[in-house]
Every structure is written in C-alpha cells, then in structure tokens.
Amino acid sequence: MSAKYQPSQFEKKWVEEWENEKAYKSRPTSAKATVGKEKSYVLAMFPYPSGAGLHVGHVRNYTGTDVVARYFRMNGHSVLHPMGWDAFGLPAENAAVKAKKNPMDMVPEHIATFKKQMKSLGFSYDWDREFATTDPNYYKWTQWLFIQFYKMGLLYKKNAPINYCPKCKTGLAEEEVLPDGTHERCGNKIEKRDLPQWVFKITKYADRLLSDLEGLDWPKGILEMQRNWIGKKEGINIDYKVVGNDHRVVPDFSTITCFTTRPDTNFGATFIVLAPEHEFVRKILNLKSQVTNKSKIQKYIEETASKSEQDRLNEQKKKTGVFTGFYAINNLNGKEIPIWVSDFVLSNFGTGAVVGVPAHDLRDYDFAKEFGIDIIRVVVGKDGDKSKITKREQVQEEEGKMINSEFLDGLDIHVATKKIMDFIEEKGWGKRVTTYHLRDWIFSRQRYWGEPIPMVFCENCAKNQLNQSSQSKSVKSVKTDLTDSTDLTGSTEMAGWFPLPESELPLKLPYVKSYEPTESGESPLSTILEFVNTKCPNCGGKAKRETDTMPNWAGSCWYFIAFAFWNKEKDLALQFLSQRGPLHPESEKIVSASSLTPSFENFKFQISNSGNLLPVDWYLGGAEHAVLHLLYSRFWVKALYDLKLLDFKEPFLRLRNQGMILAEDHRKMSKSFGNVINPDDVIAEFGADALRIYEMFMAPFNQEISWSTKSLQGSYRFVKRIWDLYQVYSVIPTKAGIQKPGSPIGVGDDKAEDKQLVVRLQKTIKKVTSDIPDVKFNTSIAAMMEFLNYYEKNPQGLSKENAKKFLQILAPFAPFMTEEIWRSVFSEKDSIHLSSWPKVEGEIVEEEIILPIQVNGKLRGTVISSQSESVESVKTKALKDEKIKKYITGEPKKVIYVPGKIINFIV
RNA sequence: GCCGGGGUGGUGAAAUGGUAUACACGCAAGUUUUAGGAACUUGUGCCUAACAAGGCGUGAAGGUUCAAGUCCUUUCCCCGGCACCA
C-alpha cells in the first residue's frame, strides 16, 4: 500500500539536497542576459534575532515572501531572495544585559537558532548572501557610508535638548518616541535632556522624500503616514508691530511673527497667542517697567513648565492663558489686538506664535470664548449662514466665500488666500514659508551595542579651527548643492572633528566585560581608554575617538543594497586562491564586498558588478516601520544617489504589509500569557508544508488574525489528501499514468482524462497565476482546494502532464511535499522549484455552464448552457423549464442575455 | 477632529455590476474503526412548511440599474495611524 504522509521523513533531506544543488542561488543578470528576462528582487524585512526564536508571525511574513520568490523563479525571472540579521541595537543589548552575557557572544547563538528554523521551513534563500549587521566586515561599510554622509555635510554634532530614555540611558530620534511620550522599544517615559548628539540632516530631503512617494506601489496607509510625518505645510509668516498700553511702539521688540496657512481670514483676527517658551515672553519678564501683568505671566509660565506633556494633552478642552498687556497691530485694518500667552500654542511648530481667528478655528474659538474675546465672521460656508458665530458647530473651515474682509469680499477662500499672500508680501508685511513636521534625525546612541561612529576629535586642531573640510576633496561637488545656512560641517562648530581614513575601517567595537549603559549620558565605550585615545588623522597628535554608537537603524538603512553584492562563495574562492600564492590582479573581480577595503571605487565596482538586481521589487513586512526604517532607508538611498553611488532614487518599489498573528485567545503572543505557538512544535506535528499552507490560507495576507490550531487541521488534511492521491498512483505499475485505483480507464492515456476536470485545472492554474502577484495567497489555496475536491472524486483522473501541473502551482506553498512527489512519483531529475510555471494558452473553453435564469431580476431557475450558445437557443431551453413557465405567460417584454453569465426575462 | 482600512453565516472568510455565503473551521447525522482530537459520506444563512414551494437576507436609510455586497447620496458602528501642527 501507499506510504503514509510523514513529512519528517523527507523534509530534512530536501533542505540538504537543495543546498547541494544550489537550487536557490541567485542568478544575477549581466546586461546582455537581461534581454527578454526580467529580474525580481524579493525581500522580507530581515529580523532582529531575538532569543525567543522564530515567531509564527515571522513565518507568515517569510512564507509569503518565499511564495512570491518561488513564483517568479519558476516564471523564469532572475530572482534575488536573501536573508540576513539585524543584530545591533537596543533589544539585543537589553536582552544581553538581562542575561548577563556579552551581546557579542549571544547574538551568534540566536542567529544559529533562527537560521536552523528558517531552513526547516524551506525558505528559498540564497544563503551565500547572508550577513549580520554586527559583522565588522559589514559595518566597516556602514561606517564608511557615515563618513561619506559627513563629508556631504549631512551630519553634524550639536548640543541640543533631545529625547532621552532614562531606562535605556540613551538619546533617541523623534520617530522612536510614541505619541504617548514613551520609548517605542521599552515603553518607558521619555525625558528631555541636553546632550551633544550627532544629527542627520534628513530635513534637507523632506521635499524629495515627499514627492517621490508618488511613484511607489505601497499601501495607501503607509504612504499617508509618511506624508503626515513629513508634514509639509505652505503658509506665510506675518510680522506684527507691538505696542504697549500707551499705544506706543515698544522699541526693544517691535514685531512678533506669526505663521499661518489661512491668511485669508486675517480680517477676522482678534488676538495673538504666544507659546510660553516664546522669546518675546522672556523679554517681557526682563523688562523693568511697562508690564502690569508681570507676576501673573511669571506664574503661568512656571505652572505650564511644571506640567508634564501628558497633563497638557489631558487638559485639551479647557483653554488657559494670560494677557501680556501688549497689543499687536493688524496691518490690514490698523486694529490693535491683544497679545496673550497660552500653552495650547506649541513652541516647536511654526514661529511659536499664532494669530487668533476665533470665527474659523476651533482652538481659537474655545480660547476666545474662555476669555471673552471678539469673534468676527469673515467666511460664509455652503449653508449661506451669515449670522454671528455663537456656537462651536458654526466654526467651519473647509469651503466658503469671504465677507467682512474689504478687498477680499466675495472671493472663494482659496483664491483669497493666494491674493492676500501676494498682497502681504508686496507690502513687506510678511513672507511665504514652508514648514515641515519632519525633524533632523538624532543619530547617536550612548550605548555599547552599535556601530562605533568613525570620528575623531582633536583638541589641538580644534584650537586652530581645523576640520574635515580643510582637507577633503572627493565629495565636494555634491556638497555644494546641499550647502545652506544650517550646514555645520565646515563651520567652526565642527572644528577638530575628523573622520577615520578608509584604511582604518572597520573601527571595531571592542569586546568588553562591562558594557552596561552609564548614568553619565556617555557611552560605556568612553571608559575604555585603549579605545578612546588615538592619533589625530590630521595633525598626528593626541586625539580622542567619538564613543557614541549608531542607532539600530543604521545597519538596516542599506542592507538591501549589500545583499546585491555580498557573496560568501566569492570569499571562499579568494581564500582558496590566496593559499596558492600571491593574488593575481584579476582576482579582484571575484572579491565580494566583505573582503574589500571600503572606498568610493570599490563601492561603485560592487554595484556595477551586482547584476542589475537592485532596487528591491517586492518588500514584505510589518506596518510598524512606516516612519522609521522605511523613511530612513529612503533617505540614505537618495543621499547615495546624490553621491552618484546608486542610479536609483527609491529602495523599495513595491511594499506589502503582513498582518500580525495574535494568540488563540486574541491577545498578543507572549511568554507571560503562556499562549505562544512555537513553529518548531507545529512542524514536528504537522510538517512545514501544512504550517506554510495554513498561514497563507488563514486570512488575507495583510490582515491581523488570531491563531487557530483547529483551522490548521484543515490545511493539514489538504496536504495529506494530495499526498495520498499521488501516492496511490505511484504504486500502480503504469507509465506513471494517473488514475484512481480500480478505475477501468485512463491509464497513461491522455485522451481518457476527464475534459471537465482539465478545464477546472486550467481555471485553477489561471487563478493561482494571477493571485500570487496580487498577494492573494488565501484565495490561491482555496482555488486549489476546490480543484482537489473535484480531482479526488473524478473517476478518470488526469494525464501525467496535467497531474504534474497541479503539483507545480502548489509548489511555492508546499515546497517539500511537492518536491518529494515530483522526484519519487514522477522520477524527475531536476527540482520542481526550477521547473517552468505551467501556462494556460488562450481562452478556456467550458462546455457546460450552469446558467442562472432570472424573471424580472429574480432568480427562478438554471439551465445548462455553453459560452457560445445563442440567445434563441438559451431562450427556448429556458422557456421549456417547468419552474420558469410558471412565471412567464406569453412573450417576454425584454430578454437580457450575457453569455456564460445570465439570462433575464422581463415580463 | 483629520487620514487609512473595515462592517457579509456559529467562526476565519469568498464574490471583473450577473446564482451572495466559494474554500476552510465548527456543528449535526450516518458509515468505518478495538479506539480516537483519525478517515469517509451527507447536511448546515434566517423565517413559514412534514415535503413541495415560497418569503427575507451582505451595519442602517434612500437612489441608479433588467440586475447592487459591489456604483451614487445620507448615516451609524469597529479597527489602525496622526493630532491643541495654527
């Protein structure tokens, strides 16, 4: 009898076999070979290898990616499908601190576990491309890139109030702080601290980061999140003259500048509000005379300062504030409007000063109501209501026409906005400005476990005002394009700072006993004198190294580029050659990036020899990176494009999100809840194929879903049924003809196969072929299940060729079982995964279609029809039907017939 | 408040404007088995009805159409993101 389905008996074998056969080796295309052959770079967001091992959520992501990679491989594409390890950063280090192990020892163990698990799942990675971001041979390039960006003027060090996590004892980027003011990694409350930090000028690229989103095939939501994060706003800064109670201009601070996007409403301005931190407020408090409200203001500011950000947000509804005793003059109508201070105005947006138009802004309205300030309507909305504004609901912003605004009256608000901006600029009262929400990127961490920043500070050179720009040449041309007032690289502030020469890379992270973060706000590296003390690259005198490290984002900002030219095989070849004697100059060509000295030429060389695989065509991963990794990588690629190191501007052409997998109890899987599903256990019980099929079938790929072991059974049954079906055939001694046992016909005879079944197979192939690139894995599998239901019941079966086709379309989902059958039942020599994807030529001709019959649009019966049948013929058949006769007497008024779809009689 | 995604059986979910609930889980009955958290067969939206047959059904209310889960208008609710951003 046939063999029982026991995946453990062959899954391991195929992992090894595929490796020996180099089945999944990427085949980069040379420029010539590209003709008529497409490439697909299919990438899953690489994992941080935690101690917990692979999560079923990883499995979902990587299986989906693997299905896409296998699909394109079988469709003849040049496929790059690599995997690596994002191993630097806080999670690894915090775990190491907890386990009292050096992360340098711990990370390789975790990687080994992950890799073993991934292999057992049959992911078709080209393991020759593997690297960890913690490899000195990898991070020497990360460091080199840092230096290039520094030379471009994109990096500078400054002392500024930054977000600081007291638990992780490090500074953080704006993007790493959650809306509730906690650290996205550890959940601890963030504080503000003054610390010297390396800062990346990502804001220089704000416009391009925004406009290039246009061409990307990404989920709408992610695009929107990036747009919001960049937060481009076009408005105008308007200057207001300030007068005191005596209506005389105050000489010391004659103007306040307010940012607004709605200058059209300026005739309705009745007050100005300053953020408590506004410098004007400080000036008032320093004034000797003239200030009546001084103590009140002082008190208010102290109060707001003592409130936490959280408290400020919680008190959203009730507006607070204090009048300064000063007035601003609205140039448009000469009116004096009072200047207030309130904490609802943010000091870090716009100018920290707002002109209040209570009729047309909810916050201004609330504020005016609270303090009895005038409310003047200047816009009439769609409803035509011109009455005085007394209710919150009347405050509308969307559309409308101007009133009470002199020369703007009657204009549409958008037209009026333009007109008054022109007017104000002409008069010299203000200037158009663009503001962004995006902030420069704090790039240094006071932690051990990261790439050391390859910079040296020389006190001597600092005294002499020397720095990098006094010696560099290579990247100058690019730099001039980007230089502006905020460029500090060449300024005195950066005096004394020098990047390491390329020959000194990598700057290795020292292996140390004590790597815990310190309280001082300095990296643990700062206590290691052998690391700190060095020579100045410029004058050769005594100097000190930067001891901060890079954030975990650094390694992931360019790993997808590295995959294109990383190559272990080449490294081995080089080792082999070097053992035989001195290297021939030609051998450079086989050198992979890991063994090369970082340099402009070598980087370019690697890219140009990477076989046109870049950029990434398919990027699959979670949505949580929307404004972190996905924004940072885009930024680096654009900078590298400007350096002419890359010839593309966007790293990820297509992005697809994978939904989270929750535990069976609908909570997050967590050790403490005891609801974690370990993929190893599932594989041991059901096999890797069943797990893969289940995870692809459980729900649409991008949807969050709870685990269900019962549902998994269904996928397991599906896999087993296919196995049994094909096993039975293998023991019948024919020319591998496919037939049901005991069936009298169809042995090895193509003519005998069931035509309806073949049509169904064709439809299934078509469906799977179009569903996979649509990332509709669940419906692909449903279609194959549907087919199997017919296949099993069909007495004749399929020809050998067609039986193989079904196996092929299943192969991306269930690589082990299909391979086993392919080679054992069908005695194929080469892997099914390298076979050609089955094609369905032309239209599928269905001979029998059950055609629904409607009368007056209601379903009343069905009739057997075919795609090409005429109206008359169908009509005659339909009208003979007893059920239909009941509803139709005489000739129908109208007949609507859509061949193969429906016939509808109107009576 | 703004932006994005949704609302369809007991559950996960399918449906280029053309038989709503494919596929799977669960459940029920039956067959088989020493047994089963195994396999197989049949059934399974709701209501009336023994059957036949009919009616109602995709969050709600309208509309367009021969025909609407799908298109349009209004509205309610859920999830995710952003937010005193001027």
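A, B, ... follow the sequence lines: proteins, then strands. Residue 1 opens every chain.
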- ring-ring contact (aromatic ring centres under 6.0 Å, His included) against A/His625, all qualifying residues, sequence neighbours excluded: A/His629

- Identify, between A/Ile222 and A/Ala353, the residue whose nearest nucleotide on RNA chain B lies closer to the 5' end. A/Ile222

- Residues in side-chain contact (heavy atoms from CB on, under 4.5 Å) with A/Arg185, at least two apart? A/Pro91, A/His183, A/Asn552, A/Trp553

- Just how far, in rounded Å, is C1' of B/C2 from CG of A/Leu223? 17 Å

- Item | Atom-to-atom span, CG of A/Leu859 to P of B/G57 - whole angstrom | 15 Å

- For A/Tyr887, report the nucleic acid contact type (base, sugar-phosphate, nothing); a contact means any heavy atom under 4.0 Å. sugar-phosphate

- Hits for ring-ring contact (aromatic ring centres under 6.0 Å, His included) against A/Trp218, two or more places apart or cross-chain, chain-then-number order -> none

- Task: Using modelled atom types only, decide if a donor and an acceptor are shared between the side chain of A/Thr351 and the backbone of A/Thr257 within a distance under 3.5 Å.
- Result: yes

- Message: List the residues meeting ring-ring contact (aromatic ring centres under 6.0 Å, His included) with A/Phe371, not counting sequence neighbours, and say none if there are none.
- Response: A/Trp340, A/Phe367

- Can you check the A/Lys220 NZ to B/G5 P distance for me, whole Å? 5 Å

- Message: At 4.0 Å (heavy atoms only), tell me whether A/Ile781 reaches a base, stays on the sugar-phosphate, or touches nothing.
- Response: nothing

Can you give me the N/O atom pairs linking the protein to nucleotides 14-17 of chain B at distances under 3.5 Å, or say none if there are none?
| residue | atom | partner | partner atom | Å |
| --- | --- | --- | --- | --- |
| B/A14 | OP1 | A/Asn778 | ND2 | 3.1 |

Below 3.5 Å between N/O atoms, which protein atoms pair up with nucleotides 37-43 of chain B? Just atom names and distances, please.
| residue | atom | partner | partner atom | Å |
| --- | --- | --- | --- | --- |
| B/A39 | OP1 | A/Arg717 | NE | 3.1 |

- Task: Can you sort out the partners of A/Glu224 under side-chain contact (heavy atoms from CB on, under 4.5 Å), two or more places apart, ordered by chain and number?
- Result: A/Arg227, A/Asn228

- Task: Please give the nucleotide sitting opposite B/G17 as a Watson-Crick or G-U wobble pair, both distances under 3.5 Å, or none.
- Result: none

For residues 857-865 of chain A, which side-chain N or O atoms pair as donor and acceptor with protein atoms under 3.5 Å away, sequence neighbours left out?
| residue | atom | partner | partner atom | Å |
| --- | --- | --- | --- | --- |
| A/Arg860 | NH1 | A/Tyr887 | OH | 3.1 |
| A/Ser865 | OG | A/Glu869 | OE1 | 3.1 |

Contact list (N/O, under 3.5 angstrom) for nucleotides 64-66 of chain B vs protein:
| residue | atom | partner | partner atom | Å |
| --- | --- | --- | --- | --- |
| B/C66 | O2' | A/Asn904 | ND2 | 3.3 |
| B/C66 | O2 | A/Asn904 | ND2 | 2.5 |

- Message: If I take atom NZ in residue A/Lys893 and atom P in nucleotide B/A67, what distance separates them, rounded to the nearest angstrom?
- Response: 12 Å

- Can you list the residues that meet the side-chain contact (heavy atoms from CB on, under 4.5 Å) rule with A/Asn856, with sequence neighbours excluded? A/Ile906, A/Val907

- Query: Which residues pass the ring-ring contact (aromatic ring centres under 6.0 Å, His included) test with A/Tyr897, sequence neighbours left out?
  - Reply: none

- Message: Mind checking if A/Asn789 touches a base, just sugar-phosphate, or nothing, with heavy atoms under 4.0 Å?
- Response: sugar-phosphate

- Item | A/Glu786 CD - B/A24 P separation (whole Å) | 8 Å

- Item | Side-chain (A/Thr764) to main-chain (A/Met784) donor-acceptor, under 3.5 angstrom | no

- Under 4.0 angstrom, heavy atoms only, what part of the nucleic acid is A/Lys886 near: base, sugar-phosphate, or nothing? sugar-phosphate

I'd like a table of donor-acceptor pairs (distance under 3.5 Å, sequence neighbours excluded) in which one partner is a side-chain atom from residues 690-702 of chain A, with atom names and distances.
| residue | atom | partner | partner atom | Å |
| --- | --- | --- | --- | --- |
| A/Arg692 | NE | A/Phe813 | O | 3.0 |
| A/Arg692 | NH1 | A/Asp66 | OD2 | 3.0 |
| A/Arg692 | NH1 | A/Leu121 | O | 2.8 |
| A/Arg692 | NH2 | A/Asp66 | OD2 | 2.7 |
| A/Arg692 | NH2 | A/Pro812 | O | 2.8 |
| A/Tyr694 | OH | A/Ser708 | N | 3.0 |
| A/Tyr694 | OH | A/Ser708 | O | 3.3 |
| A/Glu695 | OE1 | A/Arg60 | N | 2.9 |

